[in-house]
Amino acid sequence: MIREYKTISEVAGPLMIVKGVQNVGYDELGEIQLPNGDIRHCKVLEINGENATVQLFESSSGLNLKESSVRFLGHGTTLDVSEDMLGRVFDGMGRPIDDGPAIIPEDSRDINGLPMNPAARDYPSEFIQTGVSAIDGLNTLVRGQKLPIFSGSGLPHANLAAQIARQAKVLNTDSNFAVVFAAIGITFEEADFFISDFRRTGAIDRAVMFMNLANDPAVERIATPRMALTAAEYLAFDKHMHVLVILTDITNYAEALREISAARKEVPGRRGYPGYLYTDLATMYERAGRKKGIEGSITMIPILSMPEDDKTHPIPDLTGYITEGQIILSRELYRKGITPPVDVLPSLSRLKDKGIGKGKTREDHADTMNQLFAAYARGKECKELMAILGEAALSEVDLQYAKFADNFEEKYVSQGYETNRSIEETLEIGWELLREMPRGELKRIRDAYLEKYYDKQP
């Protein structure tokens with residue numbers, strides 16, 4: 001039985017205290033009825049005896065304490081799920097905002113989900129082609145992996161996110177592929193860019209989009225990524241789809257978490273973030289993966305903008321511990337006009353070895369990847385020496401490496417946001433660059449592959 005309370009004792013900003021409540025639980029949703037009949041929504045943040053602290057989803061302006069009433073709904077935040085979600089755009093709370101009809105649900109699910117039994121997890125091993133050479137060739141994404149993109153303020157992570165969402169596919173399989181895209185605390189212009197890009201390219205047909213704008217309540221920002229993951233779990237484990245989840249921007253999510261934590265007067269941790277930030281992020285990231293005996297999977301690409309480009313900031317730092325690598329965008333490459341500006345040397349995909357090779361990409365993939373890394377690293381060192389000592393101080397081979405580094409950035413990394421390269425094209429561009437080096441310098445590639453690919457005339 002839903003009980004109604006007229007015992008609102010205090011309102012402080014987005015928080016409200018309701019006294020004398022019974023059988024009300026943490027995270028439970030509630031409705032506030034104003035004297036004029038308007039309904040506002042809230043969520044229980046804390047229970048202290050018979051007092052409930054709730055957070056308002058909307059503004060508290062015009063709230064009359066004596067004449068307004070609160071009723072708690074007996075359940076937490078849920079999402080109505082159905083295959084009809086594909087091709088639709090929702091707000092941060094799962095309500096349609098694309099002028100389409102309401103979803104007729106097959107099921108209604110708690111957005112917090114259930115943890116996946118580690119013993120039931122299947123190891124990620126299948127290559128996902130994003131069409132981006134810097135990822136496919138050097139930091140390969142594998143089905144079921146969590147691979148975040150670390151960006152900086154003003155860097156084009158939105159363009160890269162849209163490109164991956166548009167181009168990603170699992171090779172050598174007939175399985176359905178879907179994209180669940182969650183925008184967290186972004187501006188209206190960014191939201192419009194994503195929706196327009198998805199519609200322009202037709203990617204919207206296989207996508208579910210959740211849009212939480214910067215002027216939406218902080219408490220809604222906490223729910224948005226969990227809405228997206230709930231939709232992804234339904235499509236992956238009930239409908240057996242391969243689902244790519246893109247979350248942008250996790251930094252906005254963590255800021256909302258800090259705001260709510262401060263409102264609850266919790267003891268702050270590093271840089272004011274709550275001490276449970278690691279646990280909270282893990283409850284989201286660990287919902288990705290594969291289950292034994294189930295065809296579907298969830299692959300996750302969280303995007304976060306590092307404050308002051310600082311990799312040691314708590315958000316990227318903790319994310320790096322939980323996930324399997326990171327793709328790092330470089331401000332230096334962006335200034336050079338390299339698009340996308342992926343800095344391949346500090347980037348890492350810990351599962352890349354599991355998704356490449358014969359039968360997955362191509363037999364020479366691992367060797368060429370290692371050789372390109374080594375040559376580019378040496379080329380960067382030679383360019384630094386050239387800047388300090390001058391070009392005359394470098395040997396002929398060092399000059400070749402310096403030239404290789406420039407060509408690698410311009411031809412391999414830089415491809416624009418509309419180019420969709422197959423893995424064969426990416427590998428062939430790698431070989432074109434390596435053919436410019438003396439064969440004796442290619443020490444990381446087996447002779448059989450050198451004979452097959454290096455000696456082949458382009």
Side-chain angles (χ1 to χ4, degrees), residues 41 57-58 77-109 111 113 149 156-169 176-236 238-239 241-250 252-253 256 284 287-288 298-303 417-418:
H41 303 86
F57 284 90
E58 296 94 357
T77 312
T78 58
L79 175 68
D80 291 339
V81 292
S82 160
E83 272 193 275
D84 295 338
M85 298 176 82
L86 288 166
R88 299 294 303 276
V89 184
F90 302 89
D91 69 5
M93 294 301 290
R95 297 175 292 244
I97 55 170
D98 56 2
D99 299 326
I103 296 292
I104 299 173
E106 283 186 24
D107 195 5
S108 185
R109 301 200 172 171
I111 64 164
I149 294 175
H157 48 265
N159 302 69
L160 182 58
Q163 182 177 18
I164 293 170
R166 193 168 61 236
Q167 298 177 174
K169 62 179 180 180
N176 291 331
F177 193 88
V179 175
V180 175
F181 185 92
I184 307 161
I186 63 172
T187 62
F188 176 80
E189 286 79 12
E190 284 180 288
D192 188 57
F193 162 76
F194 283 120
I195 294 170
S196 302
D197 188 83
F198 275 55
R199 285 184 173 147
R200 173 181 65 84
T201 58
I204 189 79
D205 295 337
R206 59 166 190 170
V208 184
M209 302 183 76
F210 292 87
M211 292 288 165
N212 169 261
L213 301 182
N215 62 341
D216 289 331
V219 69
E220 184 177 306
R221 206 153 298 148
I222 302 299
T224 303
R226 291 180 167 82
M227 289 277 174
L229 287 162
T230 303
E233 286 170 344
Y234 168 76
L235 294 172
D238 288 52
K239 298 301 174 183
M241 293 183 173
H242 298 317
V243 184
L244 176 66
V245 179
I246 298 177
L247 308 174
T248 179
D249 181 334
I250 293 295
N252 294 336
Y253 170 86
M284 291 196 306
R287 290 171 75 172
I298 298 176
T299 307
M300 190 187 295
I301 299 183
I303 299 172
Y417 299 110
E418 298 297 326

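None of the values given here were measured: they were computed from a predicted structure. We count residues from 1, following the sequence as given.
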Hey, are the side chains of [X] and [Y] touching, using non-hydrogen atoms and a 4.5 Å cut-off?
| X | Y | result |
| --- | --- | --- |
| Ile164 | Ile149 | yes |
| Asn176 | Glu83 | no |
| Glu106 | Asp84 | no |
| Val180 | Ile298 | no |
| Met284 | Ile250 | yes |
| Met211 | Ile186 | yes |
| Met227 | Phe90 | no |
| Thr299 | His242 | no |

Practice task
Would you kindly say whether Arg226 and Tyr253 are connected by a side-chain donor-acceptor distance under 3.5 Å?
Solution key: yes
Where [X] and [Y] come nearest, the two heavy atoms and their spacing:
| X | Y | result |
| --- | --- | --- |
| Leu247 | Ala228 | CD2-CB, 4.3 Å |
| Ala223 | Met93 | CB-SD, 3.8 Å |
| Ala168 | Arg206 | O-NH1, 3.1 Å |
| Ile303 | Ala161 | CD1-CB, 3.3 Å |
| Phe210 | Gly94 | CE2-CA, 4.1 Å |
| Ala165 | Phe198 | CB-CZ, 3.4 Å |

Exercise for the section: Indicate the ring-plane relationship of Phe57 and His41, choosing parallel, tilted or perpendicular according to the 30° and 60° boundaries. Expected result: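 Plane angle over 60°, so perpendicular.
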Exercise for the section: Kindly indicate, with the supporting measurements, whether the criterion side-chain contact (heavy atoms from CB on, under 4.5 Å) is fulfilled by Glu418 and Arg166. Expected result: CA-CA 10 Å; Glu418 298 297 326; Arg166 193 168 61 236; 4.0 Å; yes
Is the backbone N or O of [Y] less than 3.5 Å from a side-chain atom of [X], with the two atoms forming a donor-acceptor pair by type?
| X | Y | result |
| --- | --- | --- |
| Asn212 | Gly185 | yes |
| Arg221 | Ala214 | yes |
| Asp197 | Phe194 | no |
| Glu190 | Thr187 | yes |
| Asp98 | Val89 | yes |

So how far is it from [X] [atom1] to [Y] [atom2], rounded to the nearest 0.5 Å?
| X | Y | atom1 | atom2 | result |
| --- | --- | --- | --- | --- |
| Lys169 | Phe177 | NZ | CZ | 10.5 Å |
| Asp80 | Arg109 | CG | CZ | 11.0 Å |
| Phe188 | Phe193 | CZ | CZ | 14.0 Å |
| Thr201 | Gln167 | OG1 | CD | 9.5 Å |
| Ile246 | Met209 | CD1 | CE | 9.5 Å |
| Ile184 | Asp216 | CD1 | CG | 12.0 Å |

Exercise for the section: Carefully, step by step, assess Asp238 and Val81 under the rule side-chain contact (heavy atoms from CB on, under 4.5 Å). Expected result: CA-CA 11 Å; Asp238 288 52; Val81 292; over 6 Å; no
Practice task
Would you please test Asp192 and Glu189 for side-chain contact (heavy atoms from CB on, under 4.5 Å) and show each step?
Solution key: CA-CA 5 Å; Asp192 188 57; Glu189 286 79 12; 5.7 Å; no
